[in-house]
2 protein chains.
Amino acid sequence: MTQEEKIRYEEMAKVSKALAHPSRLFIIHKLAEQEYCVQDLTKMIGVDISTVSKHLAILHNAGIIAKEKRGNCIYYSLLTKCVLNIFSCVINVIEANKEKINRI
Amino acid sequence: MTQEEKIRYEEMAKVSKALAHPSRLFIIHKLAEQEYCVQDLTKMIGVDISTVSKHLAILHNAGIIAKEKRGNCIYYSLLTKCVLNIFSCVINVIEANKEKINRI
DNA sequence: CCTCTATTTGGCTATTTTGCCTAATAGGCA
DNA sequence: TGCCTATTAGGCAAAATAGCCAAATAGAGG
């Protein structure tokens, strides 16, 4: 692995890491439907609001979601729709695993 | 988030987590071309062989790669080609981020 | 059966991530 | 201006992850 490649894969891992948490996957799934502010998501997830805020910061920092202040709230929305492809692939992998288990 | 949803997102996170490391992304990229055994990958990555073995175990456990013993070696190969879609999406996100930075 | 090679496992430390609580900040609105 | 709501930041402890070394295991091949 060359130095250049190393940097490239680290960059990619940064984005991948942003997806590697159940709450953040949930958030992405929700934001794919419509925008929400921190409180909305907090109610749905059921953890401390500061925790949700940090998850959103991670996703925003990775360039996956957008934030926009309007009125009293900050609305978050999905920036790159293609992350939904990741969802379907991850689901593919899970289904394939289950099939394999069932075959045994 | 219902209990059912929670379990579902945790399952998905397990697969996502398997992708969230530069060496593992590199491994996936290489295995997309052809199968390799632990030593081969170790030489390419340049970390301890036990570390590579553990990365491979994580990917295998997530159901992303297959292993097959043949002769003296255990050959690993990519099981679910669609993870390559994840690559292209991650690259999309990175490119979009760079464009945004350049615009400023 | 013995040896040798390839891989995995266990143990350990360092680092990173998570999530809560409390406090700070930002900005809308009376 | 001053209050009030929404969000973020800082600090801390618990948990998870990464990577090395040394030891164990598996099994091919003489």
Side-chain angles (χ1 to χ4, degrees), chain A residues 1 5-7 9-28 30-31 34-77 79, chain B residues 1 6-7 9-28 30-31 34-77:
Chain A
M1 196 155 35
E5 277 181 307
K6 201 182 158 201
I7 290 168
Y9 283 104
E10 274 164 8
E11 245 182 345
M12 292 176 67
K14 190 192 156 197
V15 177
S16 301
K17 272 179 212 221
L19 303 169
H21 190 285
S23 299
R24 294 198 292 268
L25 290 173
F26 176 84
I27 289 170
I28 289 170
K30 282 295 164 187
L31 295 186
Q34 62 170 96
E35 59 179 22
Y36 286 107
C37 60
V38 186
Q39 308 187 79
D40 297 334
L41 294 165
T42 300
K43 279 173 204 149
M44 297 186 233
I45 298 173
V47 294
D48 195 88
I49 194 167
S50 67
T51 301
V52 175
S53 174
K54 279 174 187 170
H55 283 311
L56 288 165
I58 289 168
L59 289 168
H60 183 253
N61 191 245
I64 295 168
I65 61 177
K67 62 193 285 191
E68 186 195 344
K69 174 132 198 171
R70 245 185 8 258
N72 222 358
C73 289
I74 297 177
Y75 290 91
Y76 284 93
S77 58
L79 199 56
Chain B
M1 197 157 33
K6 201 182 159 202
I7 290 168
Y9 284 103
E10 275 164 8
E11 248 182 343
M12 292 176 68
K14 189 191 156 197
V15 178
S16 300
K17 272 180 211 222
L19 303 169
H21 189 285
S23 299
R24 293 199 291 270
L25 290 172
F26 176 83
I27 289 170
I28 289 169
K30 280 297 165 186
L31 295 186
Q34 61 169 97
E35 59 179 21
Y36 285 107
C37 59
V38 187
Q39 305 188 79
D40 296 335
L41 294 164
T42 301
K43 279 173 203 149
M44 296 187 236
I45 298 173
V47 293
D48 195 88
I49 194 168
S50 68
T51 301
V52 175
S53 174
K54 280 173 186 171
H55 283 313
L56 288 166
I58 289 167
L59 289 169
H60 183 253
N61 192 244
I64 296 169
I65 61 176
K67 63 193 283 189
E68 187 195 343
K69 175 131 197 171
R70 236 172 31 245
N72 221 359
C73 288
I74 296 178
Y75 291 91
Y76 284 93
S77 58

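Both backbone and side-chain heavy atoms feed into the values below; hydrogens, waters and symmetry mates do not. Residue numbers begin at 1 in each chain, while the letters A, B, ... track the order of the sequences.
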Separation of D48(B) CG from K54(B) NZ (nearest 0.5 Å): 9.0 Å

Whole angstrom value for the distance that separates P of dG27(C) from NZ of K67(A): 11 Å

dT17(C) C1' sits how many Å from E10(B) CD, rounded? 16 Å

With no hydrogens and no angle check, is any side-chain donor or acceptor of K14(B) less than 3.5 Å from a backbone partner on N61(B)? yes

Please state how far atom CG in N61(B) lies from atom P in dA16(D), giving the value in whole angstrom units. 15 Å

Any non-hydrogen side-chain atom of C37(A) less than 4.5 Å from a side-chain atom of D40(A)? yes

Indicate, with a heavy-atom threshold strictly under 4.0 Å, whether Y75(A) touches base, sugar-phosphate, or nothing. nothing

Measure NZ/K17(A) against P/dT15(C) and give the value in whole Å, please. 14 Å

To the nearest angstrom, the CG-C1' distance between N72(A) and dT7(D) comes to 10 Å

Flag side-chain contact, heavy atom, 4.5 Å: S53(A) against L56(A): no

Let's see if you get this right: which residues in residues 41-57 of chain B place a heavy atom under 4.0 Å from DNA chain D? V47(B), D48(B), S50(B), T51(B), K54(B), H55(B)

Closest nucleotide among dT18(C), dT7(D), dA18(D) to the V38(A) side chain: dT7(D)

Judged by each residue's nearest nucleotide on DNA chain C, which is more toward the 5′ side, S23(A) or G71(A)? S23(A)

Between CD1 of I74(A) and C1' of dT25(C) the distance, given in whole Å, is 11 Å

Within less than 4.0 Å of OP1 or OP2 of dA6(D), is there a side-chain N or O belonging to Y76(A)? no

All ring-ring contact (aromatic ring centres under 6.0 Å, His included) counterparts of F26(A), not counting sequence neighbours: Y9(B)

Separation of L59(B) atom CG from dA18(D) atom P, in whole Å? 11 Å

Is the side chain of R24(B) donor-acceptor paired with the backbone N or O of K17(B) at a distance under 3.5 Å, no angle test? yes

Taken to the nearest whole Å, OH/Y36(A) to P/dT7(D) is 14 Å

So what does R70(B) hit on the nucleic acid, given a heavy-atom distance under 4.0 Å: a base, only sugar-phosphate, or nothing? nothing

